[in-house]
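Note that the coordinates shown come from a computational prediction; the quantities given were computed from them, not determined experimentally.
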Amino acid sequence: MKVEHRSLLLSLLSWETLRYAVSGSFSTFAYIALTLIVSGPLDVPIQIAIPVSYATALVLNFTLQRHFVFPTDDGFALERGAQLRRYVSAVLVQYGITATSTAVLPRLFGVPEGDVYVVTVLVLAVLAFLTLRSLVFHPAEG
């Protein structure tokens, strides 16, 4: 294994990675639970509950990334507004890739949409971690 591949793999095995998995799981659970609560007992149409819950989960996830996953004592290289703009851009790119891959790849390769979706989400989760760590929530150079 090449040295750069090995160091990339080792960089993925850290407490930071564990915190990323925990925060992502928590945000996902919050999104699902809030959607079901708002559309169930609160009787709001699910078409409204989904985007409201998704936006709420994104705010929660952004906050967890900033304060739990990538905390820094020296401050961040980017101000919160710049981080937020990059974070939203990353979310939109992820959504576009997910929507495109599930629309195109199943027919192209003759595989189920669900399989394409799961593989896409897993690959994007790793890429999102690397993107957030290096381009959004990176520490200020001290």
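The distance from the CG atom of Leu78 to the NE2 atom of His138 is 4.5 Å, given to the nearest 0.5 Å. Taking CD of Glu16 as the reference point, atom CZ of Arg133 lies at 5.5 Å (rounded to 0.5 Å). Considering CD of Glu79 and CZ of Arg85, their distance stands at 10.0 Å, rounded to 0.5 Å. Expressed to the nearest 0.5 Å, how far OH of Tyr20 lies from CD of Gln65 amounts to 6.0 Å. Going from atom CG of Leu58 over to atom OG1 of Thr63 covers 10.5 Å, rounded to the nearest 0.5 Å. Put simply, OG on Ser27 and CD1 on Ile32 are 11.0 Å apart, with the number rounded to the nearest 0.5 Å.
Under the 4.5 Å side-chain heavy-atom criterion for Ile, Leu, Val, Met, Phe, Trp and Tyr, Leu132 and Phe129 are members of the same hydrophobic cluster. Hydrophobic clustering, with ILVMFWY side chains joined whenever heavy atoms are under 4.5 angstrom apart, keeps Val69 apart from Leu122. Side-chain heavy atoms closer than 4.5 Å link hydrophobic residues (I, L, V, M, F, W, Y) into clusters, and following such links, even through other members, never connects Val121 to Ile50. Linking Ile, Leu, Val, Met, Phe, Trp and Tyr residues whenever their side-chain heavy atoms come within less than 4.5 Å places Leu64 and Val88 in a single cluster. In the hydrophobic cluster analysis, where Ile, Leu, Val, Met, Phe, Trp and Tyr join through side-chain heavy atoms closer than 4.5 angstrom, Val44 is grouped together with Val52.
Summarising the geometry of Ser101 relative to Pro106, their closest heavy-atom pair is O-CD, 3.3 Å, with the distance given to 0.1 Å. Across all their heavy atoms, Ser134 and Leu130 have their closest contact at OG-O, 2.7 Å. Closest non-hydrogen pair, Tyr31 versus Ser53, comes out as CD1-C, 3.6 Å. What you find for Gln94 and Ala125 is that their closest heavy atoms are NE2-N, 4.5 Å. Closest of all the heavy-atom pairs between Thr120 and Val116 is OG1-O, 2.7 Å. Residues Thr100 and Gly96 approach most closely at OG1-O, 2.7 Å, considering heavy atoms.
Judged by distance alone, with hydrogens and angles left aside, the side-chain atoms of Arg86 form no donor-acceptor pair with the main-chain N or O of Val136 at under 3.5 Å. Proximity of a side-chain donor or acceptor of Thr102 to a complementary backbone N or O of Ala99 within less than 3.5 Å is detected. Distance alone, capped at 3.5 Å, places no donor-acceptor pair between the Ser39 side chain and the Ile46 backbone.
The aromatic rings of Phe62 and Phe137 sit tilted, their planes meeting at an angle between 30° and 60°.
Judged by distance alone, the side chains of Ser14 and Thr17 do bring a donor and an acceptor atom under 3.5 Å apart. Asn61 and Tyr87 are linked by a side-chain donor-acceptor pair at a separation below 3.5 angstrom, with hydrogens and angles left out of the test.
Contact check for Tyr54 versus Val91: side-chain heavy atoms found under the 4.5 Å cut-off.
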I'd like to know whether Leu124 forms a side-chain contact (heavy atoms from CB on, under 4.5 Å) with Ile97, so could you lay out the CA-CA distance, the side-chain angles of the two residues, the decisive distance to 0.1 Å, and finally the verdict. CA-CA 9 Å; Leu124 288 176; Ile97 291 170; 4.0 Å; yes
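Heavy-atom neighbours of Phe26 CZ from other residues, nucleotides or ligands within 6.0 Å: at or below the threshold of 12.
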